[in-house]
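Below is one structure; the comments refer to it alone.
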Amino acid sequence: MSGMMPGAAGDSGSGSSRFDILYEDNHLLGIVKPVNIPVQEDATGDPDLLSLLKEDVKERFNKPGNVYMGLVHRLDRPVGGAMIFAKTSKAASRLSESVRSHSFHKVYLTVVHGKPPAAQGRLVHTLLKDAKTNTVTIVRKGTPGGKEAILDYTVIGSAEGYSLLKIDLLTGRSHQIRVQLSGIRCPLYGDQKYGAAVNKPGQQIALWSAVVGFPHPVTKEEIELISLPPQTHPWSLWSQHTQKQAIL
């Protein structure tokens with residue numbers, strides 16, 4: 001299930017898109033990112049979202065030459081949900097400024113093993129990324145190369161040994177949600193990298209970009225893209241109504 005802020009009109013071109021479009025105009029393209037597609041080209045050489053979106057826009061609008069598509073924020077390859085892209089360089093730079101000034105907000109839903117110590121709380125850690133292994137670890141504050149990571153979580157419900165959490169991301173560090181929740185012994189369902197001891201190979205990670213909100217780079221209207229996770233296990237342990245109420 002997906003949607004956008006009421007009153008946010010879209011222009012989806014002449015043909016139908018292969019993507020679930022949440023919002024589109026001359027400046028922006030908001031979509032539901034499919035799981036297991038890299039956002040941009042990586043070492044695997046697999047088809048990446050940025051290239052696929054350029055092709056999609058080119059086909060739908062019969063555009064000659066190269067299509068511009070600006071990447072403003074990222075989602076890990078196995079993660080799905082709401083994402084916004086810029087269709088002009090001006091929109092890209094203004095959205096990037098919104099990210100820097102914290103007027104760009106992101107809310108995630110995730111299913112974790114166990115239950116956090118409190119019904120809601122703030123996690124603050126220093127994270128260090130190892131580019132060679134593409135892994136992130138929690139380190140002591142002041143560690144060279146370490147970056148502060150902050151998120152707020154709320155427990156929406158618990159069932160069958162799992163908890164559904166709403167995550168308000170206050171910093172955008174690599175693998176942040178996965179590492180910080182693993183750090184409090186609540187690894188994400190299906191996370192092979194930071195929860196291998198409790199997850200089975202092949203399980204899909206239960207992390208979803210549910211809300212992306214920002215001021216429109218041209219009109220300044222407040223836009224909010226909303227996407228709910230698929231109703232498959234373990235998401236299906238909680239109703240879509242419960243999930244929607246949690247993020248609105």
Side-chain angles (χ1 to χ4, degrees), residues 2-14 17-34 37-42 48-77 79-109 129 147-152 166-177 207-227 247-248:
S2 55
M4 62 186 175
M5 190 188 78
D11 173 11
S12 57
S14 53
S17 173
R18 70 188 91 169
F19 294 98
D20 183 359
I21 295 179
L22 301 176
Y23 180 93
E24 186 167 31
D25 62 17
N26 292 332
H27 314 280
L28 304 173
L29 176 60
I31 64 147
V32 177
K33 177 193 176 291
I37 290 184
V39 169
Q40 58 192 137
E41 198 175 345
D42 64 11
D48 65 282
L49 190 57
L50 213 50
S51 300
L52 293 170
L53 286 174
K54 286 178 183 179
E55 284 173 28
D56 191 62
V57 168
K58 194 176 173 74
E59 287 169 15
R60 287 189 292 119
F61 292 93
N62 297 313
K63 282 184 177 282
N66 291 330
V67 169
Y68 181 90
M69 192 64 64
L71 184 62
V72 181
H73 65 117
R74 290 170 172 77
L75 290 178
D76 292 348
R77 179 176 181 143
V79 180
M83 269 194 95
I84 190 71
F85 294 83
K87 290 168 79 173
T88 67
S89 56
K90 184 165 85 168
S93 67
R94 288 183 179 175
L95 278 179
S96 295
E97 182 52 42
S98 293
V99 173
R100 283 191 295 272
S101 65
H102 303 292
S103 55
F104 189 102
H105 71 272
K106 293 182 282 187
V107 176
Y108 292 79
L109 289 173
K129 182 171 183 176
K147 293 182 177 178
E148 186 177 56
I150 308 170
L151 65 78
D152 289 337
K166 171 196 172 191
I167 305 290
D168 287 285
L169 203 54
L170 303 178
T171 55
R173 308 303 180 202
S174 185
H175 300 178
Q176 177 179 340
I177 296 171
L207 178 59
W208 197 261
S209 172
V211 180
V212 176
F214 51 89
H216 191 286
V218 177
T219 67
K220 307 304 178 193
E221 177 188 18
E222 198 61 36
I223 304 292
E224 198 162 72
L225 308 182
I226 297 169
S227 175
I247 61 174
L248 292 181

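Worth knowing before you read on, the calculation uses all heavy atoms, side chains too, and leaves out hydrogens, waters and symmetry mates. Residue numbers count from 1 along this sequence.
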Stepwise side chain to side chain contact (heavy atoms under 4.5 Å, CB included) test for M83 and F19: CA-CA 12 Å; M83 269 194 95; F19 294 98; over 6 Å; no
Mutual orientation of the aromatic rings belonging to F214 and F104 [parallel < 30°, tilted 30-60°, perpendicular > 60°]: parallel
Donor-acceptor contact below 3.5 Å, side chain [X] vs main chain [Y]:
X	Y	result
H216	I223	no
K87	A91	no
K106	S209	no

Can you name the closest pair of heavy atoms from [X] and [Y] and give their distance?
X	Y	answer
A86	L95	CB-CD1, 4.4 Å
V72	I84	CB-O, 4.4 Å
S227	G81	OG-CA, 4.1 Å
D56	R18	OD1-N, 3.4 Å
S103	P215	O-CD, 3.4 Å
P34	L49	CD-CD1, 4.2 Å

Presence of salt bridge, E97 and R100, under 4.0 angstrom: yes
Pairwise distance CG(L151) to CD1(I177) - rounded to 0.5 angstrom: 6.5 Å
Verdict with supporting geometry, H105 and E224, side chain to side chain contact (heavy atoms under 4.5 Å, CB included): CA-CA 9 Å; H105 71 272; E224 198 162 72; 3.2 Å; yes
Residue pairs involving residues 63-77 (criterion salt bridge (Lys or Arg N to Asp or Glu O under 4.0 Å); sequence neighbours excluded): D42-R77, D46-R77, D76-R178
Heavy-atom check, side chain of F85 versus side chain of L71, under 4.5 Å: yes
Note, I21 side chain near R60 side chain (heavy atom, < 4.5 Å): yes
T219/D25 under side chain to side chain contact (heavy atoms under 4.5 Å, CB included): CA gap, chis, key distance, verdict: CA-CA 11 Å; T219 67; D25 62 17; over 6 Å; no
Side-chain H-bond candidate by donor/acceptor type, T171 with Q176, under 3.5 Å: yes
Under the side chain to side chain contact (heavy atoms under 4.5 Å, CB included) test, residues paired with D168 that sit two or more places apart: V107, D152, K166
For S89, side chain to side chain contact (heavy atoms under 4.5 Å, CB included) partners two or more places apart: Y68
Atom CD of E41: over 12 foreign heavy atoms under 6.0 Å: no
More than 12 heavy atoms of other groups within 6.0 Å of K58 NZ: yes
Derivation and outcome, side chain to side chain contact (heavy atoms under 4.5 Å, CB included), residues L22 and I226: CA-CA 8 Å; L22 301 176; I226 297 169; over 6 Å; no
